[in-house]
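This report concerns only the one structure given below.
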Amino acid sequence: MPPSTPPPPATSVPDIRIPAGLLPADGRFGSGPSKVRTEAVAALAAEAPRLLGTSHRQAPVRGLVGRVRAGLRQLWDLPEGHQVVLGNGGSTVFWDVAAASLIAERSQHLVFGEFGAKFADAAGSAPHLEAPVRVEADPGATPPHPVPPMPGEEVDVYALTHNETSTGVCAPISRPPWANHGELVVVDATSGAGVLGWEPGDVDAYYFAPQKVFAAEGGLWVAVLSPAALARAEELRGAGDQRGAGGRWVPASLDLARAAEESRSDQTLNTPAVSTLFLFVHQLEWVLANGGSEFAAGRSRRSAGVLYGWAEASPYARPFVSDAGARSPVVGTVDLDQSVPAATVCAVLRANGVLDTEPYRKLGRNQLRIGMFPAVDPEDVEALTACVDHVVGRL
Ligand SMILES: *Cc1c(COP(=O)(O)O)cnc(C)c1O
């Protein structure tokens, strides 16, 4: 469809006005991109003349990269040999980075939603890799655990997902006890990093993008790498002359060892979005100034308590994830009775300025999906539940 085609008329959206007193102070509940704090945008506008449109090789922008690296090191109390590395392209590009620079021959993927499946597909389409092993669970069910590989199907990467954004299922992260022959644990933490707990000793690559918990714009990937992951990236590209000395061809944009070199001097391989870096630093330092991980996790847990508590008490709603321990504190999924059309509820909310409560498209459920990242005020989640009750009562 050409971009000039107008959307179909929204005649099917009932004209329900939510009273101003019920509305949340901020109506953004997206699961990524997610709410960017207004204070951060104001700070960006104030700094803009000295920052936006200036060289990323000079001190002001390199200083932002340095603050991201130092701030994350502080947030997670990273051990000495771990390195924070940044590159362009978001988590989706990091899947290709991992296929080029982390997986030697074969990976095992825990697949319990769309994002885990996408990484497995990326590894499966790489011509230099063996077919990946998928360990699957149904969307919304308790997530699967890694399994010991079959003889002849040894794997050198275990690919885990910390928070499956498509379903609102979160999973504990640990190193498989049998994986003590140099296998890497690679974790997609895109929507969980900064709220969910993890131990650096259990993970070799913990990667994410800043448009979820870190309340910035998209476009970057960030990875916390263990010494073993850094060594694997060096080893796979061989001598670094791109074709030889036993190494595989690794394009510069997917070369994790190269990105690590750039990051050591607070740079990226090519030009990053400066506003993304700025907003990321602003959120990270806001979290650190207020108490760090406990503060961030506390806000999301409070929001999640409100949302799931409301759903459990509601006559027409229930949490989609029945295993309470697997319910995400950052992305809440709530099924509605078939008699209550979620698409209409979301459309009415949207018409009233309450945005992005729609479920993940491909899941195809009669559902609301609510982003409850630390930037979202728990009181606004409370207001949102009152708005849904108001709308449903008038359908
Ligand atoms: C959002 C998301 C991604 C994709 O991130 P991009 O930066 O848009 O590529 C991947 N994995 C998970 C778990 C996500 O939530």
Side-chain angles (χ1 to χ4, degrees), residues 56-57 61-104 107 119 122-123 126 128 156-159 182-190 193 198 200-210 214 219-274 276-277 280-281 284:
H56 63 294
R57 304 292 179 205
V61 176
R62 288 173 69 168
L64 290 177
V65 175
R67 282 157 74 185
V68 165
R69 299 181 69 228
L72 292 174
R73 183 164 286 286
Q74 184 187 341
L75 185 71
W76 291 319
D77 196 15
L78 297 177
E80 200 49 51
H82 279 55
Q83 197 186 323
V84 179
V85 178
L86 285 77
N88 281 312
S91 291
T92 300
V93 165
F94 193 83
W95 293 327
D96 296 332
V97 171
S101 288
L102 289 176
I103 305 171
S107 46
F119 184 17
H128 58 286
D156 52 76
V157 158
Y158 288 91
E183 300 93 326
L184 302 179
V185 175
V186 174
V187 178
D188 180 349
T190 307
W198 63 291
D202 279 339
V203 180
D204 297 296
Y206 191 77
Y207 65 92
F208 59 98
F214 292 100
L220 274 183
W221 58 257
V222 183
V224 178
L225 301 177
S226 73
L230 290 161
R232 176 78 64 87
E234 289 283 354
E235 183 192 311
L236 289 179
R237 71 169 181 173
D241 67 355
Q242 300 210 332
R243 262 194 204 271
R248 66 169 59 140
W249 176 63
V250 177
S253 60
L254 305 181
D255 183 346
L256 195 54
R258 177 84 185 269
E261 271 163 43
E262 297 286 351
S263 290
R264 278 192 279 275
S265 54
D266 291 336
Q267 300 203 49
T268 46
L269 175 68
N270 62 321
T271 317
V274 177
T276 300
L277 285 168
F280 185 0
V281 166
L284 179 55

Next on the checklist: Taking ring pair (Phe, Tyr, Trp, His ring centres under 6.0 Å) as the definition, give me every residue that meets it alongside F208, ordered by chain and number, with sequence neighbours left out.
Outcome noted: W76, F214

Item to check | Side-chain heavy atoms of V185 within contact of D202, under 4.5 Å | outcome: no

Checklist entry - To the nearest 0.5 Å, how far apart are CZ in F119 and CD1 in I103? => result 4.5 Å

Checklist entry - Got a donor-acceptor contact below 3.5 angstrom from the H82 side chain to the R73 backbone? => result no

Checklist entry - Under a 4.0 Å N-O cut-off, is there an ion pair linking D156 with R232? => result yes

Checklist entry - Under 4.5 Å between any side-chain heavy atoms of F94 and L256, yes or no? => result yes

Item to check | Point-to-point distance, once rounded to the nearest 0.5 Å, from OG of S101 to CD of E235 | outcome: 11.5 Å

Checklist entry - For F280 and V222, what are the C-alpha separation, side-chain angles and deciding distance, and is it a side-chain contact (heavy atoms from CB on, under 4.5 Å)? => result CA-CA 11 Å; F280 185 0; V222 183; 3.7 Å; yes

Item to check | Where G81 and L230 come nearest, the two heavy atoms and their spacing | outcome: O-CD1, 4.1 Å

Checklist entry - Do the side chain of S265 and the main chain of Q267 share a donor and acceptor less than 3.5 angstrom apart? => result no

Checklist entry - Under the 3.5 angstrom rule, does the side chain of R237 hit a backbone N or O of D255 as a donor-acceptor pair? => result no

Checklist entry - For the atom pair CZ (R67) and CD (Q74), what is the distance rounded to the nearest 0.5 Å? => result 12.5 Å

Checklist entry - Between Q83 (side chain) and A260 (backbone), is there a donor-acceptor pair under 3.5 Å? => result yes

Checklist entry - Would you find a donor on one side and an acceptor on the other, under 3.5 Å apart, between the side chain of S263 and the backbone of L86? => result yes

Checklist entry - Going through the distances and angles, do V93 and N88 end up as a side-chain contact (heavy atoms from CB on, under 4.5 Å)? => result CA-CA 8 Å; V93 165; N88 281 312; over 6 Å; no

Checklist entry - Does R248 use its side chain to pair, donor to acceptor, with the backbone of L236 at less than 3.5 Å? => result no

Checklist entry - Tell me, do L269 and R258 make a side-chain contact under 4.5 Å, heavy atoms counted? => result yes

